[in-house]
There are 2 protein chains.
Amino acid sequence: MMNDDFTIGRLARETACKVQTIRYYEEIGLMPQPLRTAGNQRRYGPSHVARLAFIRHGRELGFPLDAIRQFLSLSDEPDRPCEAADRMARAQLQAVESRIARLQSLKVELERMIEQCKGGRIAECRVIEVLADHAECLHENHVEPV
Amino acid sequence: MMNDDFTIGRLARETACKVQTIRYYEEIGLMPQPLRTAGNQRRYGPSHVARLAFIRHGRELGFPLDAIRQFLSLSDEPDRPCEAADRMARAQLQAVESRIARLQSLKVELERMIEQCKGGRIAECRVIEVLADHAECLHENHVEPV
DNA sequence: CTTGAACCTCTAGTCGCTGTAGCTCCTATG
DNA sequence: CATAGGAGCTACAGCGACTAGAGGTTCAAG
């Protein structure tokens with residue numbers, strides 16, 4: 001009926017996801033347990049392809065698996081308001097924006113460091129110097145994880 | 001002589017680093033084993049403060065511990081050319097730049113997703129839709145890890 | 001001398017996979 | 001029909017850089 005005839009390898013190719021990753025998603029309950037052949041091999045159908053593509057796309061957009069789990073359960077209730085999905089997307093946007101800001105300030109500092117290094121001996125190396133002495137930085141606020 | 005009289009907690013406060021993290025750095029050989037009191041507690045001196053500050057600053061600039069390990073061994077040989085340090089800093093800058101580029105394209109896509117969502121039901125939610133169908137994305141290239 | 005904050009070791013957990021070892025299964029060819 | 005080998009299976013270890021907790025000990029102030 002639902003012709004579940006894709007092997008895990010086929011599913012992996014279809015969705016550009018590694019085989020082990022699919023098994024991992026199953027283990028943590030993100031992908032449902034598929035049918036098995038008599039010889040215990042997994043067999044998938046189109047619904048699995050769609051679900052895995054959804055997950056992978058979410059990951060590519062930087063959502064953590066937990067957010068994706070929530071998106072998936074939201075998408076199971078098409079009549080409910082999409083407020084929650086919207087909120088999660090906005091939160092992710094915020095997270096992305098703050099990481100960009102953080103990386104921009106790192107970039108500036110690294111550039112400054114590199115530019116001032118005239119390629120002499122370690123003793124005069126600005127790169128090492130700046131690392132050694134935080135006071136030489138312009139930015140005090142590079143604290144959250146990169 | 002070198003008055004090693006900072007406790008680990010004091011060192012942690014001094015460098016804005018957690019106590020466990022200091023012990024972890026010692027475990028992986030990034031920080032040297034300090035003196036111990038008769039009661040087996042660690043006692044640190046100014047050189048430890050400097051070294052840990054160096055490490056933390058490197059981390060804040062996004063360098064992996066391995067790069068920091070190299071910086072540290074470079075700074076032990078002040079007469080050698082600083083080429084290697086320079087190269088590492090440039091590599092880090094490149095990494096930062098490519099992460100910024102990647103995040104910028106995520107940002108655009110998230111904004112598009114959010115902007116088109118009119119806040120109705122899940123069934124019409126653009127956020128869910130875009131996640132479900134990769135073809136709705138403009139960017140094909142969001143593949144590397146965030 | 002007592003209290004309690006800070007220290008100690010050891011272990012396990014985080015996140016999202018990735019890799020390996022040592023099997024079994026499936027299918028295509030001879 | 002036998003066999004080869006690619007693909008599948010489970011189970012577990014490892015990555016990076018910490019972080020958290022249990023359960024015990026030490027230190028310094030009062």
Side-chain angles (χ1 to χ4, degrees), chain A residues 4-31 33-44 48 52 54-72 92 95 99 102 142-146, chain B residues 4-31 33-44 48 52 54-72 92 95 99 102 142-146:
Chain A
D4 283 14
D5 47 11
F6 287 4
T7 63
I8 197 169
R10 178 80 196 283
L11 178 59
R13 253 170 283 129
E14 213 83 12
T15 55
C17 177
K18 300 207 172 174
V19 167
Q20 299 107 296
T21 305
I22 299 173
R23 289 199 278 247
Y24 169 70
Y25 287 161
E26 182 183 327
E27 194 184 310
I28 62 168
L30 208 53
M31 286 292 288
Q33 296 192 340
L35 293 177
R36 300 277 188 145
T37 63
N40 202 34
Q41 298 197 352
R42 291 168 178 83
R43 288 296 179 271
Y44 295 95
H48 295 103
L52 184 52
F54 188 105
I55 295 169
R56 290 313 297 168
H57 197 194
R59 288 296 298 134
E60 284 165 5
L61 285 166
F63 288 100
L65 289 182
D66 217 58
I68 292 171
R69 213 185 280 273
Q70 291 178 59
F71 279 133
L72 282 166
Q92 175 63 6
R99 300 186 66 186
R102 163 111 170 80
H142 42 51
V143 179
E144 22 162 355
V146 195
Chain B
D4 283 12
D5 46 11
F6 287 4
T7 64
I8 195 169
R10 178 82 196 281
L11 178 59
R13 253 169 284 128
E14 213 82 12
T15 56
C17 177
K18 301 205 171 176
V19 166
Q20 299 106 299
T21 305
I22 299 172
R23 288 198 280 246
Y24 169 71
Y25 288 161
E26 183 184 328
E27 193 185 308
I28 63 168
L30 208 54
M31 285 294 286
Q33 296 192 339
L35 294 177
R36 299 277 189 145
T37 63
N40 201 34
Q41 299 197 354
R42 292 167 178 83
R43 287 297 179 269
Y44 296 94
H48 295 104
L52 185 52
F54 188 103
I55 295 169
R56 290 314 297 169
H57 197 193
R59 288 294 300 131
E60 284 165 6
L61 285 166
F63 288 100
L65 290 182
D66 216 59
I68 292 170
R69 213 185 280 273
Q70 291 178 58
F71 280 133
L72 281 166
Q92 176 64 8
R99 286 165 61 93
R102 162 110 171 81
H142 41 51
V143 178
E144 19 161 359
V146 195

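These numbers come from the heavy atoms of this one structure, side chains and all, not from hydrogens, waters or symmetry mates. Here is how names work: the chains are called A, B, and so on, in the same order as the sequence lines, proteins then strands, and each is numbered from 1.
When the side-chain nitrogen and oxygen atoms of Arg36(B) are compared with OP1 and OP2 of dT9(C), one or more of them lie within a distance under 4.0 Å. Contact check, Arg59(A) against dC17(C): a side-chain N or O comes under 4.0 Å of OP1 or OP2. Taking side-chain N and O atoms only, Thr37(B) has no distance below 4.0 Å to OP1 or OP2 of dT26(D). Look at Tyr25(B) and you'll find a side-chain N or O under 4.0 angstrom from OP1 or OP2 of dC18(D). Taking side-chain N and O atoms only, Thr21(B) has no distance below 4.0 Å to OP1 or OP2 of dA17(D). The shortest distance between the side-chain N/O atoms of Thr7(A) and the OP1/OP2 oxygens of dG8(D) is below 4.0 Å. Taking only side-chain nitrogens and oxygens, Arg42(B) comes nearer than 4.0 Å to OP1 or OP2 of dT9(C). Side-chain N/O atoms of Lys18(A) include none lying less than 4.0 angstrom from OP1 or OP2 on dG16(C).
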Pair Arg23(A), Glu27(A) - check salt bridge (Lys or Arg N to Asp or Glu O under 4.0 Å), show working.
CA-CA 6 Å; Arg23(A) 289 199 278 247; Glu27(A) 194 184 310; over 6 Å; no

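Using a 4.0 Å heavy-atom criterion, one finds that Ile8(B) contacts the sugar-phosphate atoms exclusively. Residue contacts for Arg56(A): at a heavy-atom cut-off of 4.0 Å it reaches the sugar-phosphate backbone alone, with no base atom in range.
Across the interface with DNA chain D, nearest-nucleotide mapping of Val19(A) and Pro64(B) shows Val19(A) to be the residue nearer the 5′ end. Comparing Arg23(B) and Ile55(B) against DNA chain D, the residue whose closest nucleotide sits nearer the 5' end is Ile55(B).
Going from atom OH of Tyr24(B) over to atom P of dA20(D) covers 15 Å, rounded to whole Å. The CD-P distance, from Gln33(A) to dC9(D), rounds to 12 Å in whole Å. A straight line from CD of Glu27(B) to P of dA12(C) spans 14 Å, rounded to a whole angstrom. The interatomic distance linking Arg43(B) (CZ) with dT26(D) (P) rounds to 13 Å, in whole Å. Between Gln41(B) atom CD and dA6(C) atom P there is a gap of 12 Å when expressed in whole angstrom units. Protein atom CG of Leu65(A) is 13 Å distant from nucleotide atom C1' of dT14(C), rounded to whole Å. Between Glu60(B) atom CD and dA17(D) atom P the separation is 14 Å, expressed in whole Å. Computed from coordinates, the Ile22(B) CD1 to dC18(D) P distance equals 12 Å when rounded to whole Å.
Asp5(B) CG to Tyr44(B) OH: the interatomic distance, rounded to the nearest 0.5 Å, is 13.5 Å. Here the CZ atom belonging to Arg59(B) is positioned 6.0 Å from the CD1 atom belonging to Ile68(B), to the nearest 0.5 angstrom.
For the pair Gln92(A) (side chain) and Leu61(A) (backbone), a donor-acceptor distance under 3.5 Å is present.
Side-chain contact check for Thr7(A) versus Arg42(A): every heavy-atom pair is 4.5 Å or farther apart.
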